[in-house]
Amino acid sequence: SEKDVIGGFEKTIKEQKEVKDGECIVSLYEFASGVKQVYLGKKLDEVNGLDYNVGGMTRLWDGLGTAIDDVGKWLADMSEEERPSKNLIVVITDGGENSSTEYRLKDIREKIKEQTEKYNWSFIYLGNDLSDAKDADDIGIKFKGFTTKKKFYNNYDVISTGVTAYRCAANISEASLALDSSITNSMNTLNAEYKKDTGIDLTDTNVTSK
């Protein structure tokens with residue numbers, strides 16, 4: 001629901017403002033019937049509420065492709081001294097890809113592979129059903145967790161925990177390890193709850209790759 005998304009986002013931002021290790025800059029994109037850049041490179045202290053309405057389609061590939069391209073260009077235009085040392089993309093969706101027109105699955109998979117291997121970006125995918133799991137697998141995102149729609153708010157606890165671990169790490173190598181540990185633990189809890197609610201074990205690769 002709108003309440004869960006808005007409340008979860010605001011709770012995450014509030015918690016991150018309380019973390020004193022490292023500067024945090026936020027970019028936000030919405031993807032439904034269209035793709036909207038809400039803001040790019042905004043200082044955390046300037047981020048407040050969220051204007052969000054449930055509805056429309058899910059242009060997931062278009063949203064991801066646009067965000068990766070925009071953020072990549074924004075970073076490339078910076079001097080080496082200004083450029084952030086760590087970059088984390090978090091995808092939150094309550095449905096699978098169904099309406100993209102600008103980017104294809106292959107495009108997104110290649111972009112994620114390049115940004116991960118060449119530029120050390122990290123990606124997290126949080127959804128709420130099997131179609132979401134397949135989308136995450138298809139584009140090569142390692143970190144993924146799932147809730148049912150009635151517990152969608154819980155996704156934001158995963159984000160805040162992971163981002164805190166990522167920010168507090170001294171360098172990108174330590175950040176990757178910290179994120180791995182934090183997100184794996186959070187995902188285990190999240191996916192255990194999903195299994196309890198649905199009877200489906202999302203940690204089973206035979207299930208998530210169908």
Side-chain angles (χ1 to χ4, degrees), residues 2-30 36-52 63-64 67-93 112 115-127 136 141-147 151-193:
E2 288 96 339
K3 183 178 180 181
D4 286 338
V5 174
I6 293 170
F9 178 85
E10 292 178 348
K11 176 175 179 287
T12 300
I13 293 300
K14 181 177 182 295
E15 289 173 349
Q16 288 306 308
K17 286 180 177 179
E18 295 170 356
V19 177
K20 303 306 178 185
D21 293 83
E23 183 180 4
C24 183
I25 299 173
V26 183
S27 299
L28 179 65
Y29 287 78
E30 296 176 358
K36 176 184 178 183
Q37 181 195 94
V38 183
Y39 42 79
L40 175 65
K42 195 170 188 178
K43 291 184 178 180
L44 182 63
D45 287 343
E46 299 173 359
V47 177
N48 294 304
L50 177 67
D51 182 15
Y52 174 80
L64 256 172
I68 291 171
D69 286 348
D70 287 359
V71 173
K73 184 179 185 305
W74 173 67
L75 292 171
D77 288 342
M78 290 182 181
S79 66
E80 190 68 31
E81 294 75 22
E82 295 176 305
R83 192 173 301 129
S85 60
K86 295 173 282 188
N87 296 285
L88 177 64
I89 301 290
V90 181
V91 183
I92 307 176
T93 181
I112 288 175
Q115 297 306 121
T116 300
E117 296 181 356
K118 186 175 181 179
Y119 298 107
N120 295 313
W121 289 22
S122 297
F123 291 80
I124 303 172
Y125 192 109
L126 300 169
I141 293 184
K142 174 185 176 183
F143 301 120
K144 50 187 182 291
F146 301 88
T147 62
K151 293 184 177 179
F152 199 67
Y153 183 87
N154 292 351
N155 277 333
Y156 291 90
D157 288 333
V158 178
I159 299 170
S160 193
T161 301
V163 171
T164 298
Y166 197 70
R167 286 178 61 188
C168 293
N171 53 54
I172 189 60
S173 296
E174 289 185 14
S176 296
L177 291 173
L179 185 66
D180 194 333
S181 176
S182 173
I183 296 300
T184 297
N185 290 336
S186 296
M187 287 192 311
N188 287 341
T189 300
L190 214 60
N191 293 342
E193 292 176 355

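Any value given below was found using the heavy atoms of this structure, including those in side chains, with hydrogens, waters and symmetry copies removed. Not measured: the values here are computed from a predicted model.
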With rounding to the nearest 0.5 angstrom, report the [atom1] to [atom2] distance, [X] to [Y].
X: D45; Y: I13; atom1: CG; atom2: CD1; value: 10.5 Å
X: L44; Y: R167; atom1: CG; atom2: CZ; value: 6.0 Å
X: F152; Y: T93; atom1: CZ; atom2: OG1; value: 6.5 Å
X: K42; Y: I25; atom1: NZ; atom2: CD1; value: 13.0 Å
X: S173; Y: N120; atom1: OG; atom2: CG; value: 7.5 Å
X: S85; Y: I172; atom1: OG; atom2: CD1; value: 7.0 Å

Taking C-beta and beyond as the side chain, do [X] and [Y] meet within less than 4.5 Å on heavy atoms?
X: V19; Y: C168; value: yes
X: L179; Y: F143; value: yes
X: F9; Y: I92; value: no
X: I159; Y: I124; value: no
X: L50; Y: L28; value: yes

Salt bridge (charged side-chain N to carboxylate O under 4.0 Å, His left out) involving [X] - partner list, sequence neighbours excluded:
X: D70; answer: none
X: K17; answer: none
X: E174; answer: none
X: E117; answer: K113

Using every non-hydrogen atom in the two residues, find where [X] and [Y] come nearest and quote the distance to one decimal.
X: N155; Y: G127; answer: ND2-O, 3.8 Å
X: W121; Y: G72; answer: CH2-N, 3.9 Å
X: M78; Y: P84; answer: SD-CD, 3.7 Å

Taking side chain to side chain contact (heavy atoms under 4.5 Å, CB included) as the criterion, tell me which of I68, D69, L75 meets it with V71.
L75
If the test is side chain to side chain contact (heavy atoms under 4.5 Å, CB included), which one of L64, I112, I141 qualifies with I89?
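It is L64; the other options fail the test.
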With a sphere of 6.0 Å drawn around CG of D51, does it hold more than 12 non-hydrogen atoms of other residues, nucleotides or ligands?
no
Aromatic plane relationship, Y153 with Y156 - under 30° parallel, 30 to 60° tilted, over 60° perpendicular
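Because their plane-to-plane angle lies in the 30° to 60° range, the rings of Y156 and Y153 count as tilted.
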Determine yes or no for a side-chain-to-main-chain donor-acceptor pair under 3.5 angstrom, with [X] supplying the side chain and [Y] the backbone.
X: S182; Y: A178; answer: no
X: K86; Y: Y166; answer: yes
X: D180; Y: S176; answer: no
X: T12; Y: G8; answer: yes

Just jot down the side-chain hydrogen bond (donor to acceptor under 3.5 Å, both in side chains) partners of E15, sequence neighbours excluded, or say none.
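By the side-chain hydrogen bond (donor to acceptor under 3.5 Å, both in side chains) rule, E15 matches K11, S160.
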Identify, with sequence neighbours excluded, every residue that meets side-chain hydrogen bond (donor to acceptor under 3.5 Å, both in side chains) alongside E30.
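Counting only residues at least two positions away or on another chain, E30 forms no side-chain hydrogen bond (donor to acceptor under 3.5 Å, both in side chains).
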N-O pairing of K14 and E10 below 4.0 Å:
no
